[in-house]
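The structure appears right after this line, and notes come after that.
Counting begins at 1 with the first residue of the sequence.
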Amino acid sequence: MPEGGQHAADESSAHRERLRADCGRCFGLCCVAPAFAASADFAIDKAAGQPCPHLRADFGCSIHDHLRPQGFPGCTVYDCFGAGQQVAQVTFGGQDWRRTPGIAAQMFEAFAIMRQLHELLWYLGEALTLPPARPLYGQLSRARDETERLTRASPDTLGDLDLQAHRLDINALLLRASELARAQHRRPETNLRGADLIGKDLRSADLRGASLRGAYLTGADLSGADLRTADLTGADLRGADLSGADLAASLFLTQSQLEAATGDLTTKLPPALAPPAHWPPRRPSPGRAGPRD
Ligand code: SF4
């Protein structure tokens with residue numbers, strides 16, 4: 001790899017590392033700040049700002065190894081993109097909401113904002129690795145620098161931020177990056193942005209270059225589908241079957257989306273993502289002898 005290319009790859013990898021959750025440096029913010037509604041994802045109702053009853057005094061989770069069987073799969077798919085440790089250690093300088101209850105409300109508000117900023121940083125970082133988006137690298141870099149600057153802001157400045165406007169500007173840029181990256185395979189019939197594809201049979205579908213931004217793919221069968229250069233920003237993949245699907249060059253896929261889906265070791269993933277621990281190693285082949293046979 002040329003020296004410049006190696007530098008860009010190292011920078012991209014360091015950038016991604018910073019956006020990984022480090023729960024040991026957080027104060028359980030995702031277990032306190034948001035409200036939960038009892039559902040298939042969470043076994044309990046919980047008001048915003050109220051600690052989950054499973055949150056320990058040391059901010060660990062008392063059922064961490066049993067979240068799915070205990071009815072908390074939503075916790076296993078949640079990703080703060082490193083916003084928790086940023087708010088805990090940088091924005092509030094290591095103060096925690098238990099020992100300093102006066103900061104709690106502002107800290108929880110800052111966490112919700114920071115998570116969105118960090119999520120934008122994740123997408124911007126990925127866009128900056130897409131060779132077809134090279135004409136946009138200057139704008140993408142400036143957007144990333146500005147977003148980085150905001151992540152270091154004080155709690156008051158974060159509270160005053162027009163986050164919606166910032167998101168809109170960056171989303172427009174990411175859309176253009178996506179269009180450039182999908183240009184080679186783009187077809188009108190695969191413009192499925194926001195489409196209702198719940199439970200659809202998409203086995204072995206050719207979805208190269210598709211826009212699946214915000215698509216509802218809950219429970220869809222995408223086994224064996226070709227999703228190279230498909231834009232999956234915000235697609236709902238809960239319970240979708242990705243066994244044997246090719247997502248290696250998909251765009252804007254997150255670990256959280258993978259955690260919510262099922263797949264196996266034949267699913268091809270982007271290098272920055274890992275197969276979730278709950279995926280079975282390999283899909284049982286049809287007609288294979290079961291335990292009773
Ligand atoms: S169950 Fe565990 S991970 Fe989920 S919110 Fe409660 S303490 Fe946090």
Side-chain angles (χ1 to χ4, degrees), residues 34-45 67-79 119 122-123 126 171 174-175 178-179 181-182 185-270 273-288 290-291:
F36 297 167
S39 61
D41 288 329
F42 298 106
I44 55 166
D45 282 319
L67 284 165
R68 284 178 181 269
Q70 296 262 5
F72 288 82
C75 301
T76 68
V77 306
Y78 181 82
D79 187 357
E119 185 181 31
W122 177 273
Y123 289 137
E126 178 171 339
N171 276 336
L174 292 171
L175 258 178
S178 167
E179 280 165 10
R182 293 185 293 112
H185 298 296
R186 220 163 74 201
R187 289 161 290 149
E189 65 271 26
T190 54
N191 182 4
L192 298 165
R193 187 175 180 181
D196 179 352
L197 301 169
I198 296 171
K200 285 272 186 229
D201 183 354
L202 295 166
R203 280 176 290 175
S204 303
D206 180 1
L207 291 166
R208 285 174 299 166
S211 173
L212 289 161
R213 286 186 147 238
Y216 298 94
L217 286 155
T218 322
D221 189 347
L222 285 155
S223 54
D226 189 344
L227 288 146
R228 286 175 289 169
T229 69
D231 183 344
L232 288 159
T233 310
D236 187 344
L237 292 170
R238 281 177 297 168
D241 187 352
L242 300 173
S243 305
D246 189 348
L247 295 138
S250 63
L251 308 174
F252 305 123
L253 177 68
T254 64
Q255 188 68 38
S256 172
Q257 286 169 299
L258 279 186
E259 297 287 342
T262 61
D264 61 19
L265 288 184
T266 65
T267 308
K268 292 185 185 142
L269 299 178
L273 305 182
H278 68 89
W279 283 13
R282 194 172 285 272
R283 185 179 200 171
S285 49
R288 192 171 140 194

Are any non-hydrogen side-chain atoms of S243 and W279 less than 4.5 angstrom apart?
no
Would you find a donor on one side and an acceptor on the other, under 3.5 Å apart, between the side chain of Q255 and the backbone of D79?
no
Contact check, side chains of L251 and E126, non-hydrogen atoms, under 4.5 Å:
yes
Please enumerate all residues that pass side-chain contact (heavy atoms from CB on, under 4.5 Å) together with A35, with sequence neighbours excluded.
A48
Please check this pair: side chain of D45 against backbone of A38, looking for a donor-acceptor N/O pair closer than 3.5 Å.
yes
Partners passing ring pair (Phe, Tyr, Trp, His ring centres under 6.0 Å) against F72 (at least two apart in sequence or in another chain)
H54
Contact between R68 and T76 at the side-chain level, heavy atoms closer than 4.5 Å - yes or no?
yes
Pairing residues for D206 by the salt bridge (Lys or Arg N to Asp or Glu O under 4.0 Å) criterion, not counting sequence neighbours
R187, R208
CG (D41) and CG (L67) are apart, to the nearest 0.5 Å, by 12.0 Å
Ignoring hydrogens, what is the shortest heavy-atom contact between P280 and G263? Give both atom names and the distance.
CD-O, 3.3 Å
Nearest atoms (heavy-atom pairs only) where L202 meets A225
O-CB, 3.8 Å
Sequence neighbours excluded, which residues qualify as side-chain contact (heavy atoms from CB on, under 4.5 Å) partners of P34?
F36
Between S250 and P270, the two heavy atoms sitting closest are OG-CG, 3.9 Å
Which residues pass the ring pair (Phe, Tyr, Trp, His ring centres under 6.0 Å) test with Y216, not counting sequence neighbours?
none
Counting C-beta onward and ignoring hydrogens, is there a side-chain heavy-atom pair between L247 and L242 closer than 4.5 Å?
yes
Are S256 and E259 linked by a side-chain donor-acceptor pair shorter than 3.5 Å?
no
Looking at CG of D246 and CG of L207, how far apart are the two atoms once the value is rounded to the nearest 0.5 Å?
11.5 Å
Solution key, residues 228-235 side-chain donor-acceptor pairs under 3.5 Å, sequence neighbours excluded:
{"unit_1": "R228", "atom_1": "NE", "unit_2": "D226", "atom_2": "OD1", "d": "2.9"}
{"unit_1": "R228", "atom_1": "NE", "unit_2": "D226", "atom_2": "OD2", "d": "3.3"}
{"unit_1": "R228", "atom_1": "NH2", "unit_2": "D226", "atom_2": "OD2", "d": "2.6"}
{"unit_1": "T229", "atom_1": "OG1", "unit_2": "G209", "atom_2": "N", "d": "3.1"}
{"unit_1": "D231", "atom_1": "OD1", "unit_2": "T233", "atom_2": "N", "d": "2.9"}
{"unit_1": "D231", "atom_1": "OD1", "unit_2": "T233", "atom_2": "OG1", "d": "2.5"}
{"unit_1": "D231", "atom_1": "OD2", "unit_2": "S178", "atom_2": "OG", "d": "2.7"}
{"unit_1": "D231", "atom_1": "OD2", "unit_2": "R213", "atom_2": "NE", "d": "2.9"}

Candidate list L217, T218, D236, test side-chain contact (heavy atoms from CB on, under 4.5 Å), partner L197, passing option:
L217
A side-chain contact here means heavy atoms from C-beta on lying under 4.5 Å apart; do L269 and L258 qualify?
yes
Donor-acceptor contact below 3.5 Å, side chain T254 vs main chain Q257
yes
